[in-house]
Amino acid sequence: MLHPTPDLTPHLQDLAGFCLGEYLGSGVKRHVFVYRPAQSLVVKLQYGDDDRPDFQNIAEWSLWSSATKGLRKWLAPCHFISSNGMVLLQERCEPCPEHLIPLRVPKVLDDLHVGNWGIFEGRPVARDYGRNLAYQMTANAKAMVTLR
């Protein structure tokens, strides 16, 4: 069943129904659906009000795009982001049993409760890493460096 989208025009509701499969859940600022044309992927739809924008899709895409091979092994792969960052396509991961979550992970990862972990190609990966320390550091005006 699709998540209700009352704010969409009829054309966009029709397109959403064409592209969005099963509703998998929501986080603080995103809804997640199976991507109907390729069910091995998920669609992460950013939402929120204009007064408090949130850029988790952009942060996730940025980390994935700039990550080294060593870091990428910890992340669910991303495949596409829309021009405004509101839509992200990512590999679909099965939920990760708590006992498989690693004890040590790269420091850049943050907000890694049990629900943010998944299994991809037989290994645990972060499937929700839109709140990561790299993003927080670049967005924090209080993180200062001495120039002279």
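Side-chain atoms are counted along with the backbone in the values below, which use heavy atoms only and exclude waters and symmetry mates.
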Please identify each residue that fulfils side-chain hydrogen bond (donor to acceptor under 3.5 Å, both in side chains) with S83, with sequence neighbours left out.
none
Report yes if some heavy atom in the side chain of L41 is under 4.5 Å from a heavy atom in the side chain of F33; otherwise report no.
no
Taking the side chain as every heavy atom from C-beta outward, state whether C19 and R36 have any pair of such atoms under 4.5 Å apart.
no
To the nearest 0.5 Å, how far apart are CG in N116 and CZ in R127?
7.5 Å
Other members of the hydrophobic cluster containing V42, with the 4.5 Å side-chain heavy-atom rule, please.
L24, V32, V34
Hey, can you tell me if H31 and Y47 have their rings parallel, tilted or perpendicular (30° and 60° cut-offs)?
parallel
I'd like to know if the side chain of Y129 reaches the main chain of A76, judged simply by a donor and an acceptor atom lying under 3.5 Å from each other, with no hydrogens or angles considered.
yes
OG on S82 to CG on N57, rounded to 0.5 Å
7.0 Å
Of the options L88, L75, I81, which is the one that meets E60 in a side chain to side chain contact (heavy atoms under 4.5 Å, CB included)?
L88
Measure from NZ or CZ of R72 to the centre of the six-membered ring of W64, then state whether that distance is under 6.0 Å and the direction lies within 45° of the axis.
yes
Tell me every residue that passes side-chain hydrogen bond (donor to acceptor under 3.5 Å, both in side chains) with E91, counting only those two or more places apart in sequence or in another chain.
H79
Listed by chain and number, what are the side-chain hydrogen bond (donor to acceptor under 3.5 Å, both in side chains) partners of W61, not counting sequence neighbours?
S65
Atom CZ of R30 and atom NZ of K44: how far apart are they, to the nearest 0.5 Å?
4.5 Å
Those residues that, when tested against R123, pass side-chain contact (heavy atoms from CB on, under 4.5 Å) (two or more places apart):
K73, F120, E121, V125
Hydrophobic clustering (ILVMFWY, side-chain heavy atoms < 4.5 Å, transitive) - are V114 and V105 grouped together?
yes
Side-chain polar contacts of residues 93-103 - donor-acceptor pairs under 3.5 angstrom, sequence neighbours left out - could you list them?
none

To the nearest 0.5 angstrom, please state how far the CZ atom of F80 sits from the OH atom of Y35.
8.5 Å
